2 protein chains.
Amino acid sequence: MSRKITIKDVAAEAGVSEATISRALNDSPQVKKATRQRIQKIAQDLGYHPNGLARSIRVQKTNTLGVIIPDILNNFFTHIIRAIEDAAAQAGYDVLIVNTDEQDDREVSALNLMLEKQAAGVIITSAGGPTNYAAQLGNTPAVFVDRMPPAGIATQYDRVLVDNVRGTQDLVTQLIDRGAQRVGIINSAVSMTATERLKGYHRALSVAGQPHDPAIEVTARTDNSNVAQMTRQLLVNQRCDGLLAADNTIMDAVLHKLPDLDLPPFQLGSFDDQDWFDFLPQPIVTAKQPIAQIGKTAVDRLIARINQPDLPAEEFRLAAKIITH
Amino acid sequence: MSRKITIKDVAAEAGVSEATISRALNDSPQVKKATRQRIQKIAQDLGYHPNGLARSIRVQKTNTLGVIIPDILNNFFTHIIRAIEDAAAQAGYDVLIVNTDEQDDREVSALNLMLEKQAAGVIITSAGGPTNYAAQLGNTPAVFVDRMPPAGIATQYDRVLVDNVRGTQDLVTQLIDRGAQRVGIINSAVSMTATERLKGYHRALSVAGQPHDPAIEVTARTDNSNVAQMTRQLLVNQRCDGLLAADNTIMDAVLHKLPDLDLPPFQLGSFDDQDWFDFLPQPIVTAKQPIAQIGKTAVDRLIARINQPDLPAEEFRLAAKIITH
DNA sequence: TTGAAAGCGCTAACAG
DNA sequence: CTGTTAGCGCTTTCAA
């Protein structure tokens, strides 16, 4: 492999100094137009590509935003990624995405990688794990998305979250309006999310004058390995006529179980939306998160903080929208 | 924001030279164990994080693989990403993913970004567009995945592809075995893929002794905007009793149209698999690509080429598997 | 076992 | 308008 072309090669070829090459290639107005064009042509012909690492090291900053995602196979997060990429690109930043598959150790490595790559800031969609964010991040600007940072430090960081309480309340209310008298919930394993969604669930029941019943409030494992059994528990044993899955991975597991059950009609609800819910044999109500807006808000806030590190930490709550498929 | 901690700060604190710090932090055997441990502790306490850019620039190489993806919302590609990330991590590489949304200009920027970041190699899942890969890539190692590079240069690069001909043939044969007498195809807009899948389709028909009918071989636009209309055309006007969608985005558009049509029973087939096909009201046959293997093959080959740049360009064909949901 | 010094590719004063 | 020079943070000879 022939050695990489550097600015020095271009300088030699053009018969000017490296500084002039640098200026020309960065469209500095202080280089004569003729020279600039000549240099740009030479650079092109030589197949020169600037070394961004060298540049970053010299100017002491990068335009990279790190993004930590817990599950890249989850539709919700791919939409988040896309929204973040779009917003970042618009602001002149590139994005370093790392998927952790919900594993804490991979989250730690991901964060390390981002710090080593000198990310200007990070967007974290993970948490819950024992990661010591404060220690790892130091003063790297960070925004938490979708999931809260651990309780102790939650208010030290910016957060972009959906209004879980309201979204769940509206969702359950919709199930009740559609006729459900006894709505069970399979809650999320993510703690803060679960707490909020449970609260919304309770509020809807209270407003409707329906009793709470702990027997029909269950929690999924992170890998959803217990969801099939819980589905049977709620819909068969507990005779629920409504079922709420607290996120789309839980709903997926529920749907896989349903055909075994041979049930009378009941109401189905899911936090998070999926396009293919349209194809299900029975109606389903969802709380659809404003994903594009979440991504944009997170990026905008992160960039604001990069430029102005001592902004006060803030929480952004965005409203989910109820959809019936 | 307090200045970043560098190796120099650690050196000052430890009272040794920067060189020793560097050695200690890289677990060099030639530094005394006691010193090493002392230094590592100090680095930790100071919150030191090595600057990977500086390191890369010094050692003249990175451990970054660039990955260009045309559509991150497509389930197929997210699985590819995951497989690539896994294989790369195992080999000690990190991954820079850029989504192009099927836009050629974004592909060009993506490639530029990767070159600027000094990616050790790139995996490209795109092509078709006018991108001048040869010129842009120079001698950066590259592997094309899922889609061929443009015809002129196809044989200059490594390719990891599914066996489209065989997969489609098996798929259509399955539809015929299940009773279809007249199978229409809505083909892909990606040219090489389309050609191969059409060939497999023809082979299956020939083997079954069924005639080809150009009237029921149609092609989707890249954005699938014409698929709804084609679905009606084939299933209603042309009275097909079998329909093959040449990829999962096409199938998605077909499924959205079906409820409007009120059809007699027919056979449905799709290249690419989706988990949620299980939930469809009618059976569906798919050719499932060996995604994990595709990702691993691509990464392994790319790394092999990075280490040994003058390997001959090779084509890897992996078999798809027929699944009935 | 450790230190001094050079240099990776680039940009930004400062001079001219 | 252009060149000289220094230095970003790191690793790696070469010497001690």
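The structure displayed is predicted, hence computed values, not measured ones. When reading the values below, keep in mind they use all heavy atoms of this one structure, side chains included, and skip hydrogens, waters and symmetry mates. Lettering of chains follows the sequences in order, A, B, ..., and the numbering in each one begins at 1.
- Counting only residues at least two apart or on different chains, the side chain to side chain donor-acceptor pair (under 3.5 Å) pairs with a member in residues 54-72 of chain B are Lys117(A)-Thr64(B), Lys61(B)-Asn63(B), Thr64(B)-Asp94(B).
- The nearest heavy atom of DNA chain C to Gln30(B) and to Ile5(A) marks one nucleotide each, and the one closer to the 5' end goes with Gln30(B).
- Computed from coordinates, the Lys4(B) NZ to dC8(D) P distance equals 16 Å when rounded to whole Å.
- Distance, Ile7(A) CD1 to dC8(C) P: 13 Å, rounded to whole Å.
- The side-chain contact (heavy atoms from CB on, under 4.5 Å) search around Thr297(A) returns Val160(A), Gln293(A), Phe316(A), Leu318(A), not counting sequence neighbours.
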Write down the protein N/O and nucleotide N/O pairs, taken from nucleotides 14-16 of chain D, whose separation is under 3.5 Å; answer none if there are no such pairs.
none

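- Ala43(A) meets the side-chain contact (heavy atoms from CB on, under 4.5 Å) test with Val10(A), Leu25(A), Tyr48(A); sequence neighbours excluded.
- Distance, Asp9(A) CG to dG9(C) P: 8 Å, rounded to whole Å.
- Using a 4.0 Å heavy-atom cutoff across all strands shown, Ser22(B) reaches at least one base atom of the nucleic acid.
- With contacts defined as side-chain heavy-atom distances shorter than 4.5 Å, the pair Gln308(A)/Asp310(A) qualifies.
- For the pair Gln118(B) CD and dC10(C) C1', the interatomic distance rounds to 11 Å; values are reported in whole Å.
- Residue Arg58(B) places its side chain closer to dT11(D) than to any other of dT11(D), dG3(D), dG3(C).
- Looking at residues two or more places apart in sequence or on another chain, you find a ring-ring contact (aromatic ring centres under 6.0 Å, His included) between Tyr157(B) and Phe144(B).
- Put simply, Thr35(B) has a side-chain N or O that comes within less than 4.0 Å of OP1 or OP2 on dT2(C).
- Residues passing the side-chain contact (heavy atoms from CB on, under 4.5 Å) test with Thr155(A), sequence neighbours excluded: Arg159(A).
- Side chain of Lys8(A), nearest nucleotide from dG3(C), dT1(C), dC8(C): dC8(C).
- Here Gln60(B) lies in heavy-atom contact (under 4.0 Å) with sugar-phosphate atoms only.
- By the salt bridge (Lys or Arg N to Asp or Glu O under 4.0 Å) test, Arg317(A) pairs with Glu196(A), Glu315(A), sequence neighbours left out.
- If you check residues 37-57 of chain B against DNA chain D, the residues with a heavy atom closer than 4.0 Å are Tyr48(B), Pro50(B), Asn51(B), Ala54(B), Arg55(B), Ile57(B), listed by number.
- Applying the 4.0 Å criterion to OP1 and OP2 of dT2(D), one finds that Thr20(A) has every side-chain N and O outside that range.
- Residues satisfying the side-chain contact (heavy atoms from CB on, under 4.5 Å) criterion with Asp223(B), sequence neighbours excluded, are Arg221(B), Ser225(B).
- Here the P atom of nucleotide dG9(D) and the CG atom of Leu25(B) are 15 Å apart, to the nearest Å.
- Rounded to whole angstrom, the span from the NZ atom of Lys61(B) across to the P atom of dT12(D) amounts to 11 Å.
- In this structure, the side chains of Arg106(B) and Val98(B) stay at 4.5 Å or more apart for every pair of heavy atoms.
- In this structure, Glu18(A) places its CD atom 22 Å from P of dC1(D), rounding to the nearest Å.
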